[in-house]
Amino acid sequence: MSGNVVHLHKNTTPTDPAVTTLTVVPDLPAAPPVPLWLRSGRAVRTAVTHEATKTTARTVARHSLYIVGGARIMGRRAWDSRTTARYERYMRTAEAAGNFEAAAEWEERGQRFRDARHRRRMDLLHSPLDAAKGAAVSAGMGVGGLVLLGIAMAIATKDATEVVTPLMAVIKFINLLITIVQVVWGPALTIGPFLALLALWSVGAHQQAAPQWALPAGVRSGEGEPITPSIVVKALRDLGVPALRRAIQEMGDAGASMLSPIVIAGCGVEVDVTLPSGVSTNEVQNRRRKLAENLSRHEHEVFITIPQAARTVRLWVADSGALDEPIGPSPLATDDTMTADYAKGKAPWGQDLRGDAAALSLYQRHLLITGLSNQGKTVALRSLALWLSLDKSVQFLMGDLKGVGDWAMFDGLALTLIQGPTDEHVIQVTEMVEGAVEEMNRRIQAPPGTTFPPLIVLVDEAQVAFMCPAKDEDKRPYGGAKANSRYFMAVRKIHNQGRAVNVLMWQGTQDPTNENLPKLVREGAHTRASLALGTESQARMALGDKAVDGGAAPNLLRPGLDRGTLVVASDGITIPAGQSSITVRTHYIDDDTAEAITDRAKALRDGVTTLHAIERDDEERDPLADIAHVIGDAPRLRTQDVLKRLSVLNPEAYGTWSPVDLTRVLDGTGAEPYKSDGRMVVGRDHITRALAHRDADGSASDA
């Protein structure tokens, strides 16, 4: 039964007992053997495609091509040393850079080289005859000298044979030299070519003179190589713009005249490129990624802006990896003595791409900062408020519609601090902004020449307010962008008139769209800044068409990797001439450092009682209790400050109050305003005592 398979089966039927049967099944036909030639072909293909084989082949090719490249380099060096090619190349480069004085100097040097070369060639025509005459004279003098030396030796030794001794010594020396040459000549002819190849290989290896595919992986990428005029021109030539490529090929200087001098700019270099006729600037802007790769850089390491000169693009190319390195700490964190000046100072915000300090003026400028979530918007906005808090004249009304404690350190510093993401918090923030509008109107109606302290109305995560669906009892929506939207209209009123009386609106918002950031609101900001965004349309909403058309591209920032990097369009920051925006890498100030800064700011003030809600006039007010509430822990407070805080506490009840109304309420309570240091103030102890002794029927609180 060899070659068959035996199966045992156990059959069971209702009537018969279990019976085991034996079944013989023939073997299935075996698979045919793989031909030897096919197995050999597979082995060869595996060997050829193996990574070790590729690496070996690339290594052999690389070192072989080093010799070819070295020969080319040595040939070019020899050509430069024997011709004026070097001088002409330097002259063209100087002309392209506009340095005509240097070009004239190189032309003069080239002419001197030609004159010297001509003299050498003319000398070669007469040199054979002069050399023969010199050799004959030298030989005659040499033989004569040897004979005279021999005669002297013969006289000294009285031996006539000594006359030829010096001459024979020279002959024997010459014979020895000939013998040495005969011995060395053969090996030298054998080894010489190998030494020459070794020299060429050394030059080629030092210059990496091999194709990119043959170079080692670390060198093959070319990442980090310095930016030179030839690299820039080649990158532009290979950009995929036919008109640009043809123009470069037709230029006598190979495109060098397109470039300005390449200058060091911070952690990179900067160069202006004047495009030839027929090539527009947006054709280069739209190929930013390809241009960066042609320059051996990542896309985020190349910035393209449009200066004032026509048909010109300005390229800023970072050193490889430089933008991934963090910048230093904020001066607010390192200088405990720093103070702020709202009118004349500038907030230290970060560094521009050149590595220079980027400072922003906040004087009478509404502010808008946008960006995707978790890109550093709150930290960037908060750092400006932290600096401004060191000016004790500045007052803050703050609404944080995220409500996770990012602004908690301003408790005891801001007049109002509302924190939370709910509709109720939006209602509170809206009434806070409307109270600021009332304060703005009061200031506008003041006598001409009256000066007012800065009042910053700050709302973080403002998109929550714009998208709030809640309505008041009159069916007016709090959110939205219609004429009856309460938050929208309050912001618009501050944008329209607040700047003149130092009432300023600061907003931070995510992901700008027409729904969560209406056009009239975003265009009302004097300073507009954006972190990383998703699309160009969002970039236009954030910064405006002018900035984006001028090269601003927050949509090209890398979400997560470029956290804290802003594109800023504002006249409050120094922007290079001809540009409409600037990229700023902001300092990071953590919560602990921010709290330490606000502690310094609180020490500059007499004490601020922060309101955490805007009370509504749902029932009859108690002015005396409200006055005690807004004074808080301060020993005394100026009457003007009391009126401002009452207006913020309840705009409807106290928004129109004047010093006369305040005096009327306090008259007869024993807490009347009095002078301190030449100013009318209200004392905390007086108010507390008046509350303790007032009549049980509350007559002292009647308005």
Side-chain angles (χ1 to χ4, degrees), residues 339-347 360-367 384-385 387-398 413-416 432-458 489-506 524-527 570-572 601 604-608 627 630-631 634 636-667 672-682:
T339 58
D341 187 338
Y342 162 76
K344 299 179 181 179
K346 290 188 175 183
L360 179 68
S361 173
L362 303 173
Y363 178 66
Q364 293 188 345
R365 290 178 176 88
H366 302 302
L367 176 66
L384 297 177
W387 175 80
L388 201 55
S389 69
L390 297 176
D391 183 341
K392 63 181 182 180
S393 67
V394 178
Q395 301 171 348
F396 293 97
L397 303 177
M398 292 184 169
L413 185 60
L415 297 178
T416 301
M432 177 191 76
V433 178
E434 290 174 337
V437 173
E438 295 293 333
E439 169 64 14
M440 177 189 71
N441 292 334
R442 186 188 69 79
R443 293 183 178 190
I444 291 173
Q445 297 170 7
T450 305
T451 58
F452 302 99
L455 177 62
I456 307 299
V457 185
L458 189 152
M489 290 307 298
V491 173
R492 285 294 300 144
K493 290 175 181 178
I494 294 178
H495 278 177
N496 289 338
Q497 296 179 297
R499 176 178 176 272
V501 290
N502 283 333
V503 177
L504 303 177
M505 191 76 207
W506 290 10
H526 303 98
T527 295
S570 172
D571 61 350
L604 299 175
R605 290 166 166 78
D606 294 332
V608 175
I627 293 171
V630 299
I631 291 178
R636 67 188 63 85
L637 199 64
R638 293 186 304 170
T639 55
Q640 289 292 339
D641 292 336
V642 173
L643 290 171
K644 291 174 186 176
R645 296 185 183 187
L646 287 173
S647 178
V648 172
L649 178 64
N650 193 297
E652 296 182 3
Y654 304 114
T656 59
W657 269 32
S658 66
V660 174
D661 298 307
L662 182 63
T663 302
R664 176 176 56 83
V665 169
L666 297 178
D667 190 22
E672 294 84 354
Y674 62 94
K675 276 194 175 183
S676 175
D677 296 330
R679 297 174 179 269
M680 296 300 295
V681 299
V682 178

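Heavy atoms only: backbone and side chains are in, while hydrogens, waters and symmetry mates are out. Keep in mind that what you see is a predicted model, and the values were worked out from it rather than measured.
Scanning all heavy atoms of the two residues, the minimum distance from P454 to Y342 falls at CG-CD2, 3.3 Å. In terms of heavy-atom proximity, Y654 sits nearest to L646 at CD1-O, 3.4 Å. Taking both residues in full, the closest heavy atoms of A436 and L455 are given as CB-CD2, 4.5 Å, listed atom of the first, atom of the second, then distance. In plain terms, the two heavy atoms of L367 and A525 that are nearest each other are C-CB, 4.2 Å. Of all heavy-atom pairs spanning P659 and Q640, the tightest one is CG-NE2, 3.9 Å. Taking each heavy atom of A490 and V433 in turn, the nearest pair found is CB-CG1, 3.5 Å.
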For L637 and R645: C-alpha separation, side-chain torsions, deciding distance, then whether side chain to side chain contact (heavy atoms under 4.5 Å, CB included) applies. CA-CA 11 Å; L637 199 64; R645 296 185 183 187; 3.8 Å; yes
Begin with the C-alpha distance, continue with both residues' side-chain angles, and end with the deciding distance and a verdict on side chain to side chain contact (heavy atoms under 4.5 Å, CB included) for R638 and V681. CA-CA 4 Å; R638 293 186 304 170; V681 299; 4.2 Å; yes
How far apart are the C-alpha atoms of V437 and M489, what are their side-chain angles, what is the distance that settles it, and do they pass the side chain to side chain contact (heavy atoms under 4.5 Å, CB included) test? CA-CA 10 Å; V437 173; M489 290 307 298; over 6 Å; no
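Taking 4.5 Å as the limit, some side-chain heavy atom of M680 sits within range of a side-chain heavy atom of K675. Using a 4.5 Å cut-off on side-chain heavy atoms (C-beta onward), N502 and Q364 make contact. Between R443 and P453 there is a side-chain heavy-atom pair separated by less than 4.5 Å. Here the side chains of L362 and R365 are not in contact, with every heavy-atom distance at 4.5 Å or above. Between L388 and W506, some side-chain heavy-atom pair lies under the 4.5 Å cut-off. Using a 4.5 Å heavy-atom cutoff, the side chains of Q395 and D641 are in contact. E672 has its side chain out of reach of T663: every pair of non-hydrogen atoms, C-beta onward, lies at least 4.5 Å apart. L504 has its side chain within reach of I456: a pair of non-hydrogen atoms, C-beta onward, lies under 4.5 Å apart.
Other residues, nucleotides and ligands place no more than 12 heavy atoms under 6.0 Å from the NZ atom of K392.
Under the side chain to side chain donor-acceptor pair (under 3.5 Å) criterion, S393 pairs with D391, not counting sequence neighbours. Under the rule for a side chain to side chain donor-acceptor pair (under 3.5 Å), E438 has no partner lying at least two apart in sequence or in another chain.
With rounding to the nearest 0.5 Å, the separation of CZ in F452 from CE in M440 is 12.0 Å. Taken from CD1 in I631 to CZ in R636, the straight-line distance is 11.0 Å, to the nearest 0.5 Å. Taking CD from Q497 and CZ from R492, the interatomic distance works out to 11.0 Å, rounded to the nearest 0.5 Å. Note that the CG atom of L662 and the CG atom of D667 stand 11.0 Å from one another [nearest 0.5 Å]. We find the CE-CG distance between M432 and L458 to be 8.0 Å, quoted to the nearest 0.5 Å. Within the model, atoms OG1 of T339 and CH2 of W387 stand 9.0 Å from one another, a figure rounded to the nearest 0.5 Å.
Ion pairing between a basic and an acidic side chain is recognised when a charged N comes within 4.0 Å of a carboxylate O; R664 and D661 show such pairing.
Ring planes of H366 and H495: tilted class, angle from 30 to 60°.
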